[in-house]
Amino acid sequence: FFQGGLSMSIRKIAALLLTSSLIFSVMFIGQDTTMAQAYMSHADVRLQVIESGKKYMGTPYEFGSDRSSTRTFDCSAFVKRAFEEGAGITLPSNSRTQADYVKKIGKTTTNWKQLNPGDIMFFMSYKGNDRSNYANIDKSKQRITHNGIYLGNGEILHTYSIESGGVRIDRIEDKHGEYRFVFGGSA
């Protein structure tokens with residue numbers, strides 16, 4: 001699915017989340033801090049989702065894996081498990097129904113650069129490695145075939161094939177993952 005890249009450490013993710021939380025909090029000095037506190041707790045939950053997912057690094061891929069097991073994962077089982085353990089959120093079972101769930105919440109974007117660490121990324125089918133393979137495609141009408149957890153800094157935590165080595169971190173920028181990206185958002 002993706003070629004390997006440098007992985008973002010939990011420490012960097014925590015710093016990114018803390019920085020964005022502090023900036024947001026400063027905006028509310030002298031005002032009702034309920035919104036700032038809610039945002040900061042949301043950032044903490046996002047970090048917990050990422051940490052929960054990272055503990056499964058290298059877990060083998062299996063299409064249609066058993067949702068009650070952690071011995072193998074397909075992409076949606078992996079995302080489901082990370083959100084259950086990290087945030088106490090029970091997502092639907094497959095990438096398409098998870099996409100519908102996130103859309104219903106309404107906090108989505110079609111620009112992956114606007115995502116926050118801990119958001120779920122949704123992708124269409126693979127059509128090749130070149131950007132031109134995805135030109136003139138109305139992505140909003142494409143079937144969701146893959147998902148993963150955005151880490152920030154152009155990285156995704158996901159699993160996609162037996163050959164990939166299981167749960168892993170990859171860069172998406174200027175790769176077919178960027179071209180296949182349909183939308184993403186928070187759960």
Side-chain angles (χ1 to χ4, degrees), residues 1-5 7-10 13 17 42-110 112 115-127 139-140 142-172 175-187:
F1 184 80
F2 297 103
Q3 297 298 315
S7 64
M8 182 179 245
S9 71
I10 290 293
I13 293 168
L17 290 171
H42 191 64
D44 292 340
V45 169
R46 290 170 178 276
L47 184 57
Q48 290 171 357
V49 166
I50 290 168
E51 288 174 356
S52 293
K54 280 191 162 190
K55 77 180 186 183
Y56 292 108
M57 291 289 288
T59 300
Y61 176 87
E62 179 186 14
F63 180 75
S65 62
D66 179 353
R67 299 309 193 242
S68 64
S69 172
T70 59
R71 289 181 44 244
T72 62
F73 292 114
D74 63 13
C75 63
S76 54
F78 168 69
V79 169
K80 180 176 176 52
R81 176 64 61 162
F83 272 83
E84 283 173 357
E85 291 181 6
I89 296 171
T90 302
L91 294 173
S93 292
N94 66 58
S95 58
R96 285 172 293 290
T97 55
Q98 289 173 8
D100 290 342
Y101 175 88
V102 170
K103 276 185 183 176
K104 283 181 187 173
I105 294 170
K107 298 175 185 176
T108 63
T109 181
T110 58
W112 69 265
L115 293 173
N116 293 305
D119 282 347
I120 305 174
M121 301 181 80
F122 297 97
F123 302 87
M124 62 180 272
S125 294
Y126 176 77
K127 307 231 183 266
K139 290 183 182 175
S140 69
Q142 297 300 304
R143 183 176 186 204
I144 300 299
T145 60
H146 181 67
N147 67 346
I149 301 168
Y150 186 61
L151 297 178
N153 197 32
E155 294 183 324
I156 183 173
L157 178 62
H158 64 142
T159 187
Y160 59 90
S161 73
I162 293 170
E163 297 79 20
S164 73
V167 176
R168 59 187 281 156
I169 295 171
D170 288 301
R171 296 205 47 78
I172 65 164
K175 299 189 182 327
H176 68 87
E178 178 177 33
Y179 316 143
R180 293 175 59 190
F181 178 70
V182 177
F183 77 93
S186 59

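These numbers come from a predicted model, not from an experiment.
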Taking the side chain as everything from C-beta on, heavy atoms only, tell me whether Tyr179 gets closer than 4.5 Å to Lys127.
no
Hey, are the side chains of Thr145 and Arg180 touching, using non-hydrogen atoms and a 4.5 Å cut-off?
yes
Tell me whether Lys107 contacts the main-chain N or O of Gly185 through its side chain, where contact means a donor paired with an acceptor under 3.5 Å.
no
What I'd like to find out is whether the side chain of Phe78 reaches to under 4.5 Å of the side chain of Thr59, using heavy atoms alone.
no
What class does the angle between the rings of Tyr126 and His176 fall in, given that below 30° is parallel, 30 to 60° is tilted and above 60° is perpendicular?
perpendicular
Evaluate the side-chain proximity of Arg71 to Asp66: yes if any heavy-atom separation is below 4.5 Å, no if none is.
no
Just verifying a value: how many Å separate Phe123 CZ and Lys139 NZ, rounded to the nearest 0.5 Å?
9.5 Å
Evaluate the criterion side-chain contact (heavy atoms from CB on, under 4.5 Å) for residue pair Asp170 and Lys175; output intermediate values, then yes/no.
CA-CA 10 Å; Asp170 288 301; Lys175 299 189 182 327; over 6 Å; no
Could you pull out the closest heavy-atom pair between Leu157 and Gly53, with the gap in Å?
CD2-C, 3.7 Å
Side-chain contact, heavy-atom cut-off 4.5 Å: Ile172 with Phe181?
no
Do any N or O atoms from the side chain of Glu84 and from the backbone of Thr90 form a donor-acceptor pair under 3.5 angstrom?
no
Heavy-atom closest pair (Gly118 atom, Phe83 atom, distance to 0.1 Å) is O-CZ, 3.3 Å
Rounded to the nearest 0.5 Å, what separation is found between the SG atom of Cys75 and the CE atom of Met121?
13.0 Å
Write down the atom of Ala87, the atom of Val45, and the distance for their closest heavy-atom approach.
CB-CG1, 3.3 Å
Examine distances only and state if a side-chain atom of Arg67 and a backbone atom of Ser93 form a donor-acceptor pair shorter than 3.5 Å.
yes
List the steps and the verdict of side-chain contact (heavy atoms from CB on, under 4.5 Å) for Tyr101 and Ile120.
CA-CA 11 Å; Tyr101 175 88; Ile120 305 174; over 6 Å; no
Output the distance between atom OG (Ser52) and atom CZ (Arg81), rounded to the nearest 0.5 Å.
10.0 Å
If every non-hydrogen atom of Lys103 is compared with every non-hydrogen atom of Thr108, which pair is closest and at what distance?
CA-CG2, 4.1 Å
Quick one: NZ on Lys55 to CE on Met57, what's the gap to the nearest 0.5 Å?
14.5 Å
Could you tell me whether the side chain of Pro117 reaches within less than 4.5 Å of the side chain of Ile50, counting heavy atoms only?
yes
Hey, does Tyr61 have a side-chain heavy atom less than 4.5 Å from the side chain of Glu163?
no
State, with a plain yes or no, whether a side-chain heavy atom of His158 is found less than 4.5 Å away from one of Val79.
no
Measuring from atom CD1 of Ile105 to atom CG of Asp100, what distance do you get when rounded to the nearest 0.5 angstrom?
11.5 Å
Rounding to 0.5 Å, atoms CG (Leu151) and CD1 (Ile156) come to a distance of 8.0 Å
Is there a donor-acceptor pair closer than 3.5 Å between any side-chain N or O of Ser65 and the backbone N or O of Asp74?
yes
Donor-acceptor contact below 3.5 Å, side chain Gln142 vs main chain Val182
no
Between Thr110 (side chain) and Phe183 (backbone), is there a donor-acceptor pair under 3.5 Å?
no
Quick one: does Tyr150's side chain have a donor or acceptor within less than 3.5 Å of a partner on Gly154's backbone?
yes
Might you point out which heavy atoms bring Val167 and Tyr56 nearest each other, and give the distance in Å?
CB-O, 3.2 Å
Quick one: closest heavy-atom pair of Ala99 and Ile144, and the distance?
CB-CG1, 4.0 Å
So does Thr97 get a backbone contact from the side chain of Asn94, meaning a donor-acceptor N/O pair under 3.5 Å?
yes
Working note: Thr72 + Glu62, criterion side chain to side chain donor-acceptor pair (under 3.5 Å); need CA distance, chi angles, decisive distance, verdict.
CA-CA 6 Å; Thr72 62; Glu62 179 186 14; 2.6 Å; yes
